[in-house]
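Notes follow the structure.
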Amino acid sequence: MAAVIKQKLGAKYSQKMLGFAVVGAILVTVLVAFLFESNLSQSVLDDVSSQLNHQTSEIEGFTQRQAVQYADNLKFLHATPSVSGIPRATENAGVDPKENTSFTLWKKRLETIFIAFIENNEEVDQLRIISIGDGKEVLRVERSGGKISALADRELQVKSTRDYYKESAQLSRNELYMSGISLNREYGKVEYPYKPVLRLSLPIFSETGRRYGFIIMNINTSIALAGMTEFVSSPSSCISPMMKASSFYTLKNVLISAKTLRQKPLGKRNFLPLFLKVLGT
C-alpha cells in the first residue's frame, strides 16, 4: 500500500514538474520574442528617424534655395535705375537732375519692369514702392483676375498701419525684411478667395542719405507650395511615399517659421534658415 501511495506521489510530482517546465518554456519563449520585437522595433524606428531626418534636410534645402531666389530677384529690381531715380525726382520738384527725367517717366518705366517681371514669375502677386513720408503706395503692379496691371494713382492705398510697413520702414541699408505668412488684405479687409502671402522688402534711400521708402514683393505662397509639390513628386527626389502622403505638405504645416519671421527685420545673412521651416498662419 505504501508503495502504491509513493508511486502516485511520484507521478503527481512528475506532472507538476512537467507543468512548471512547460510554463517556464512558454515564459522564456515570450521573453525572447518580446526582446526580439523590441530590438526590431527600435531598429525600424532608428531607420525611419534617419530617413526622415535626411528627407527633412532635403526639403529645407529646397525651401532655402527658393528663399535665396526671392531675395535675389528683389535685389535685382531694387538695383534698377528707376528705383533710385524716383527719390531724386521727388527731392527736386518732380525732375531728376542727374538724368533729366521726370518722376512720372521714372514711375512709368518701373511699372513696365514690374509688369514684365510678374508675367515671368507666377508666384509673385504684387510689386510696390511705398513711401515712408505718408505711408502710401507710390506705385503698384499686381496680378488680379488673371490680368497684370499697374494701378492708377486713385487706387493706391495707405499702408502705414500694417506690420510689414512698420518693420520695413526701419530697415538699414541692404537689410532684407521677410514677413510672416498672412492672408492678404485690401482696403482693410481680408481678400477672398483667401490668399496666403509672404512679403519681402528692401529699403530705398536717396543719394543724400534720406530714407525714402521701400520696395516690397508679395509672394503667393499657395503657388510656392505647388513648386514644392512638384519637387516632392519628382522622380529625382529622395522623398519617400510616406513623407509625400503626410500632412507635412499641408499649408498649415509647411509655413511654420512665419511667426518667428514676424518679430524683427532680418539681415541678409540670417533670414534663410527661417523660411518655410515653420508654416502655420
Do side-chain atoms of [X] reach the backbone of [Y] as a donor and acceptor pair under 3.5 angstrom?
X: Thr221; Y: Leu198; result: no
X: Arg199; Y: Ile216; result: no
X: Asn121; Y: Glu123; result: no
X: Arg140; Y: Ile130; result: no
X: Arg211; Y: Ala169; result: yes

Enumerate the ring pair (Phe, Tyr, Trp, His ring centres under 6.0 Å) contacts for [range], please, sequence neighbours excluded, ordered by first and then second residue.
range: residues 142-173; value: Tyr165-Phe214
range: residues 107-153; value: none
range: residues 133-153; value: none

Same hydrophobic cluster for [X] and [Y], using side-chain heavy-atom links shorter than 4.5 Å among ILVMFWY?
X: Ile129; Y: Phe76; answer: yes
X: Val138; Y: Ile115; answer: yes
X: Val95; Y: Trp106; answer: no
X: Ile113; Y: Leu74; answer: yes
X: Leu105; Y: Phe103; answer: no

Reported [atom1]-to-[atom2] distance for the pair [X] and [Y], which is rounded to 0.5 angstrom:
X: Gln170; Y: Ser172; atom1: CD; atom2: OG; answer: 9.5 Å
X: Glu137; Y: Ser131; atom1: CD; atom2: OG; answer: 11.5 Å
X: Asn174; Y: His78; atom1: CG; atom2: NE2; answer: 7.5 Å
X: Gln126; Y: Asn220; atom1: CD; atom2: CG; answer: 10.5 Å
X: Ser160; Y: Lys136; atom1: OG; atom2: NZ; answer: 11.5 Å

Within the structure provided, determine whether [X] and [Y] are in side-chain contact (heavy-atom separation under 4.5 Å).
X: Leu77; Y: Met217; answer: yes
X: Tyr70; Y: Met178; answer: no
X: Leu139; Y: Ile86; answer: yes
X: Leu202; Y: Leu171; answer: no
X: Glu207; Y: Pro87; answer: no
X: Asp96; Y: Ser102; answer: no
X: Arg128; Y: Gln157; answer: no

> Can Ile148 and Val141 be said to form a side-chain contact (heavy atoms from CB on, under 4.5 Å), step by step?
Replying inline: CA-CA 7 Å; Ile148 300 169; Val141 173; 3.9 Å; yes

> Does the side-chain contact (heavy atoms from CB on, under 4.5 Å) test come out yes or no for Thr101 and Arg109, once each step is laid out?
Replying inline: CA-CA 11 Å; Thr101 302; Arg109 288 176 180 174; 4.1 Å; yes

> For Val197, what are the other residues in its hydrophobic cluster, where any two members join if their side-chain heavy atoms are less than 4.5 angstrom apart?
Replying inline: none

> Who passes side-chain hydrogen bond (donor to acceptor under 3.5 Å, both in side chains) against Arg185, sequence neighbours left out?
Replying inline: none

>> Any salt bridge linking Lys159 with Glu186? Criterion: basic side-chain nitrogen under 4.0 Å from a carboxylate oxygen.
In response: yes

> Among all residues two or more places apart in sequence or in another chain, which pass the salt bridge (Lys or Arg N to Asp or Glu O under 4.0 Å) test with Asp134?
Replying inline: none

>> So which atom in Leu183 and which in Pro196 form the shortest heavy-atom distance, rounded to 0.1 Å?
In response: CD2-N, 4.0 Å

> Which heavy atom of Arg173 sits nearest a heavy atom of Gly209, and at what distance?
Replying inline: NH2-CA, 3.6 Å

> Will you find, in the side chains of Ser206 and Thr208, an N or O donor that is under 3.5 Å from an N or O acceptor?
Replying inline: yes

> After noting the C-alpha distance and the side-chain angles of Gln66 and Ile219, does the key distance pass the side-chain contact (heavy atoms from CB on, under 4.5 Å) rule?
Replying inline: CA-CA 11 Å; Gln66 288 293 98; Ile219 303 294; over 6 Å; no

>> Under the criterion side-chain contact (heavy atoms from CB on, under 4.5 Å), I'd like the reasoning laid out for Glu142 against Asn218: C-alpha separation, chi angles, the key distance, then a yes or no.
In response: CA-CA 9 Å; Glu142 66 178 19; Asn218 281 26; over 6 Å; no

